[in-house]
Every structure is written in C-alpha cells, then in structure tokens.
Amino acid sequence: MNAPRVRFAPSPTGYLHIGGARTALFNWLYARRHGGVFVLRVEDTDQARSTQESYQAILDSLRWLGLDWDEGPEVGGPHGPYTQMERLALYAQTADRLIDEGKAYRCYATKEELDALRKEAERQKKQFFYPHLWRDKTSKDWPTGAPYVVRFKAPLAGETSFDDEVFGRITTPNDHLQDFVLLRSDGVPLYNFGAVVDDVTMKITLVARGRDHVVNTPQQVLLYEALGYPAPRFAHLPMMLAPDGKKLSKREAERYDIPVSVTAYRDRGFSPDGLLDYLVRFGWSHGDQETFTRRELIDLFDFSTASRADGKFDMKKCVAINHKIVKDDRFTPRAAYVAAARPFVEARGHRPDTEHLARALDTVRERARTYAEVADAVDYYFREPPALDDEAKKRALVPAAVPLLTRLRELLAGLERFEPDALRAALDAELDWKQVGPPARVALTGRASSPGLHEVMSVLGKTTVLARLDAALAIAAAG
RNA sequence: GUCCCCAUCGUCUAGUCCGGUCCAGGACAGCGGCUUUUCACGCCGUUAACGCGGGUUCGAAUCCCGCUGGGGACGCCA
C-alpha cells in the first residue's frame, strides 16, 4: 500500500479541545508510524462561529503539542488550499456535477418552511423527516432567482455499512437517512459534503475521528459512492466524557476543575508530553505501560489495540502522569526541564541565571508535578526576603528558637564551602536537626516544608543564608 | 421516540479475537505503614470490579440471546 494520508480537520470555533487534541494525536501517530502524511485542514464553513483568534489558537496548540503537520495552513502542500472557505468553487462544481448526474437536487424549500415542519414533528413526538418536496423536480420547475440548497438524493431502501478499524463492521438502514444538505443557499458546504470532497481531493486514506461521527459515516460513504471514489478506511475513537459521564463541554468540565483547552494545560504548567501521554491512554493501550516517549508511541501505535468504551476524564491521573513525565530524565532531559520551568519562574518576577535556576530546580524536581508547582516550590530561592508563611512563623520563629538558630549561624559563619556534602560534614555531628530543622526551615524558606536543608542552603549560598538567619533571629527574639 | 454504539475496581485500563494458566493483573485516587529535620519522592501493605438474567460447555470476564444502564445522532453546526 502507498504511504497513508490522514488528516485532522478542526473548525476554528474555539480553542483546541483536549478531545480534539487526542484525535489529532492518534492521526499524527498513525502517520508517523507508517511513514505517512499528516494533513491539517481547517473547516471554517461555520462563518458565524469561526474566528481568526481560534484559528491561531488551534495552530499554536498543535505546535505546542509537537504535532507537526506535513500539509496544511502555513506549510502548504500539493492539495491546497487547506482552508475550506478558500475551496468554495470546488464544492459548487462538485455539487453541480451530482445534480447533473441526478444524484443530488436543488431544494427551494425555505428555512422557515422547514422549521415549521420540524416543530410540527416535535409536537407530535415524531422524528422529523424531510418530505421529499423537491426531490423529483427538474430544472423546468426551478423558480428563477430564488435561493436554494443542494440536497443529496439519499437511497430510500437498503443499508449502508463500513468496516471501522476499532468498532468493526457498522451497518445502518438507509431509510433513516434524510436527503441531507450538501450546499447551503449561500454556496457554503455543510460538514459531510465539505469533508468528503476534501478527503477525496486530498487523497485521504484513513479517517480517524471521535465516535460522535459514526452517524455521519454512512452518509459520507454514500457520497464517496456517488462521487465515484472508494471510501477511505475509518477509525472512530471512544469519547472522552466528564467525571459524571456527560459530554466534556467547557461548562461541564469547569465543575470538576478540568481545563478543556490545550492552552489551559500549557498555562497550568503541563508538559506537552505529559498531556499527550495521558490522552493517548484514553482509548488506546499497550499492555500495562503508562508512560511512553514520543519515539515509543510512534513505534507502538496501532488502532488494533484501541478500545471501544467511552471514558471519563480524571484530572488527578492526568496530573500524576504529567509528574512522571516531567521528573524523569528519560522523558524530559534536564535542560528541557529548566527551559520549560523558566517562564513560570519569570512570571513570578524572578530572573535567575540558568545555572542558579537549574540548581534550584534540582531540589524540587521530584516533588513538583507541574511547572506551575515547580515555580512555586522554587520561589523562595529568588525572592528577597522570602514570602513568610504566617502559620509557620508563629510556630517556629519563637524565642526558644533563638539559641538554636544562633548556634547554626555560628557554625555556618566559619564555613567556606556550601556544597551539601560539606554542610553535612560540618553540621550533622554538631546539631540536633529535629530541633534546629523547623525554625531553620522557616528562616531560610519562609515555609514549613521544603527540600532538605543542606540542599536548600547550598543553592542559597552563604551570604543569603546568613542574612536570612539574621532576619529570622530578629523575628524570633521579638516574638 | 427512532437509528447506531458501548458495558472489568471510584477512574484509566490488561485479560475478551484463539473459553481453563484470572478466587481477575497494572496504574491513579483512597486507606495503613516504613523512611525522613519538614513536605514530597521512594518503598511495603491494603480496600476495591467481570451490570443483571438466561443459555452453550466438563469449564465463561471471555461465545450466544434477552434485559438493564450509559453514550452518540436525528440542523441551510462541525
């Protein structure tokens, strides 16, 4: 078989949703796995909702995730343009061809007319079915100058089936199909038509998308048939639901503090690899393995081990997976970790040099799960004076701590080297850390908890350590 | 309502295709403990699932049927 061609076709009507990111990921993995082509196509035919901001946000999000496309906006390709509103002529031409061949027809029924019928059906609790008002008319019946839509002449009997890569064979009866609209009265195509025309002309060989699209597939299969092209293979992915089993809409997700846009994950300090590793296990698995490098994912990915059951999003697990990815050098090299953490540290007003930052980060890497947590955990290294936690101050910086801190200061003052080992050698035999630890920790970090104090002092350096001890001593004596 | 799809711990899942190795394994969360100057990390332990009912079979989480439950869709949205 030739190299497969897959696509991700978002509509720029909002940010890139994590469900969309998962779809993009599966397509991308499939393309990379088989040396295929990953096409990005923008389905911007909903002019009322499409925005330039959202278009940009989606591209940015995909880039942030590292899901690079081989053909599409801003990179071009031989099958462009890759934005549907720039392909209107093609749809019109294709629709005319179908009309000529008697496979589609002009329908002059107005929206108002149909809305009334739809309402009536609803009132009678019956499924609305488009009465074949214009199905059998010919060009002689067309009113001149009146607006019309182009409808597909759907088969009245029989059934349509396709073999889904993850669900197997799916068959639906044709008598359920409406004469669905191909082209709106303004000449803009509707989803099913636009997608099929584009998939045909862009030579897409496999369509992977959310399970909510299986109902569209029979119509699309029929369209391929009418157009005279073989249908591509289809792979539908189970849905990602909110913890309560409802659709993971923005509103629903907010109730559970689940961000739905990829940009929100970026802003919360997630690693793209961490997010992707969580998403990839949603509907796909490789035995019990939970964390994968990008390379492993590409080598392992296959629709045959995809699952069919919908799943519920679990933020705690998502964070846990991110933690694993971020703290492990195998997934996130130290330099990449430092670079990724930097913006979050800078957002707090700090501008440490790389060496200082890196050493500070080394002390918190095990414990912080996101870059946002990392930045918080490392804040006192760069803030002068460190933010002092009230509760910690009240408990630790008391008069009784004065002699302990004084002793620590004396020992430190005579030390030259502040490496953790040197500190250990000089202090551990002289001090009872159970006593000194709590006040010293608050003095040095302003908090009740922190990494080991030897490491903290080492990163802080002698001058800062002594200054902070002095400041704490003053508070303790006064308290 | 109609059509389509799905069904293993609270959650993501392994096992289901090729019935026995599964009194169902892993991970996250929970709980208990160890470690520790604190908080984490780590380690050890533990709670917890084959939706229900019928078949088929010597034997079913695995195959068949029904039920129940859940989801998707029914637009001049995508």
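Just so we're on the same page: letters track the sequence lines, and every chain starts at 1. The structure displayed is predicted, hence computed values, not measured ones.
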Original post:
For B/C43, which nucleotide in any strand shown is its Watson-Crick or wobble partner with both distances under 3.5 Å?
Top reply: B/G33

Original post:
With respect to the phosphate group of B/G75, does any side-chain polar atom (N or O) of A/R118 fall under 4.0 Å of OP1 or OP2?
Top reply: yes

Original post:
Given B/C28, B/U38, B/G71, which nucleotide is nearest the side-chain atoms of A/L241?
Top reply: B/G71

Original post:
Should A/S307 be listed as having a side-chain N or O under 4.0 Å from OP1 or OP2 of B/U13?
Top reply: yes

Subject >> A/R151 to A/Y130, cation-pi by 6.0 Å centre distance and 45° axis angle >> reply: yes

Subject >> Residue A/D314, side-chain heavy atoms: nucleotide from B/U37, B/G10, B/A78 that is nearest >> reply: B/G10

**OP:** Could you check whether A/P451 gets within reach of a base, just the sugar-phosphate, or nothing at all, counting any heavy atom under 4.0 Å?
**Re:** base

Subject >> Evaluation steps, side chain to side chain donor-acceptor pair (under 3.5 Å), between A/D244 and A/Y256 >> reply: CA-CA 9 Å; A/D244 59 4; A/Y256 301 95; 3.2 Å; yes

Subject >> Nearest heavy-atom neighbours spanning A/R468 and A/A443 >> reply: CB-O, 3.6 Å

Original post:
At under 4.0 Å between heavy atoms, what does A/K111 touch on the DNA or RNA strands: base, sugar-phosphate, or nothing?
Top reply: base

Subject >> Under-4.0 Å side-chain N/O to phosphate OP1/OP2 contact, A/T171 with B/C4 >> reply: no

**OP:** Quick one: label A/S285 by what it contacts on the DNA or RNA (base, sugar-phosphate, nothing), any heavy atom closer than 4.0 Å.
**Re:** sugar-phosphate

Original post:
Within the pair A/K324 and B/C28, is there a side-chain N or O less than 4.0 Å away from OP1 or OP2?
Top reply: yes

**OP:** Give a yes or no on whether a donor-acceptor pair under 3.5 Å exists between the nucleobase atoms of B/U38, that is its base, and the side chain of A/R441.
**Re:** yes

Original post:
Checking A/R447 against A/Y380: charged group under 6.0 Å from the ring centre and within 45 degrees of the axis?
Top reply: no

Original post:
Quick one: does A/T172 reach the base of B/C4 with a side-chain donor-acceptor pair under 3.5 Å?
Top reply: no

Original post:
Does A/K312 put a side-chain nitrogen or oxygen below 4.0 Å from OP1 or OP2 of B/U11?
Top reply: yes

Original post:
Is A/K247 near enough to B/A73 that one of its side-chain N or O atoms lies under 4.0 angstrom from OP1 or OP2?
Top reply: yes

Subject >> Pairing partner (Watson-Crick or G-U wobble, both distances under 3.5 angstrom) of B/A27 >> reply: B/U11

**OP:** Check every strand shown and say whether A/F128 touches a base, only sugar-phosphate, or nothing at a heavy-atom separation below 4.0 Å.
**Re:** sugar-phosphate

Original post:
Touch check for A/A392, heavy atoms < 4.0 angstrom, all strands: base, sugar-phosphate only, or nothing?
Top reply: nothing

Original post:
Which part of the nucleic acid, if any, lies within contact of A/R151, taking any heavy atom under 4.0 Å across all strands shown: a base, the sugar-phosphate backbone alone, or nothing?
Top reply: sugar-phosphate

**OP:** Pick base, sugar-phosphate or nothing for A/G283, based on heavy-atom distances below 4.0 Å to the nucleic acid.
**Re:** sugar-phosphate

**OP:** Tell me what A/G452 touches on the nucleic acid: a base, only sugar-phosphate, or nothing, going by heavy atoms under 4.0 Å.
**Re:** base

Subject >> Presence of A/K327 side-chain N/O under 4.0 Å of B/G42 phosphate oxygens OP1/OP2 >> reply: yes

Subject >> Complementary nucleotide of B/C18, counting Watson-Crick and G-U pairs under 3.5 Å >> reply: none

Original post:
When you measure from the side chain of A/R281, which nucleotide among B/C76, B/C41, B/G26 comes out closest?
Top reply: B/G26

Original post:
Between B/C4, B/G26, B/A78, which nucleotide has the shortest distance from any of its atoms to the side chain of A/E290?
Top reply: B/G26

**OP:** Could you please name the partner base of B/C74, counting Watson-Crick and G-U wobble pairs only when both distances are under 3.5 Å?
**Re:** B/G1

**OP:** Kindly point out which of B/C6, B/A78, B/C28 is positioned nearest to the side chain of A/L190?
**Re:** B/A78

Subject >> Same-atom distance (C1') from B/G25 to B/U46, integer angstrom >> reply: 16 Å

**OP:** Determine the interatomic distance between C1' on B/U35 and the same-named atom on B/C41; round to the nearest Å.
**Re:** 11 Å

Original post:
Honestly, is A/R22 close enough over A/F282, meaning NZ or CZ under 6.0 Å from the six-membered ring centre and within 45° of the axis?
Top reply: no

Original post:
Counting distance only, does the side-chain N/O of A/T305 pair as donor-acceptor with the main-chain N or O of A/S285 below 3.5 Å?
Top reply: yes

**OP:** For the side chain of A/S449, starting at C-beta, report the closest nucleotide among B/A78, B/C41, B/U38.
**Re:** B/U38

Original post:
Side chains of A/T83 and A/Y55: do they bring a donor and an acceptor to under 3.5 Å?
Top reply: no

Original post:
Considering every strand shown, what is the Watson-Crick or G-U wobble mate of B/C63 when both distances are under 3.5 Å?
Top reply: B/G55

Original post:
Below 3.5 Å, does any donor atom in the side chain of A/H286 face an acceptor in the base of B/U13, or the other way round?
Top reply: no

Original post:
Any N or O donor-acceptor pair linking the side chain of A/D310 to the base of B/G71 at under 3.5 Å?
Top reply: no

**OP:** Would you please indicate if the ring centroids of A/F301 and A/F26 are separated by under 6.0 Å?
**Re:** yes

Original post:
Looking at the side chain of A/F167, which of B/C76, B/U11, B/C6 is the nearest nucleotide?
Top reply: B/C6

Original post:
Within the structure shown, what part of the strands sits under 4.0 Å from A/V149 by heavy-atom distance: base, sugar-phosphate, or nothing?
Top reply: base

Original post:
For the side chain of A/N216 and the base of B/A78, is some donor closer than 3.5 Å to an acceptor across the two?
Top reply: yes

Original post:
So, is A/T13 close to the B/A78 phosphate, meaning a side-chain N or O under 4.0 Å from OP1 or OP2?
Top reply: no

Subject >> Integer angstrom distance from the C1' of B/U47 to that of B/G19 >> reply: 30 Å

**OP:** Report yes if at least one side-chain N or O of A/R211 is closer than 4.0 Å to OP1 or OP2 of B/A73; otherwise report no.
**Re:** no

Original post:
On a whole-Å scale, what distance lies between the P atoms belonging to B/G45 and B/C12?
Top reply: 26 Å

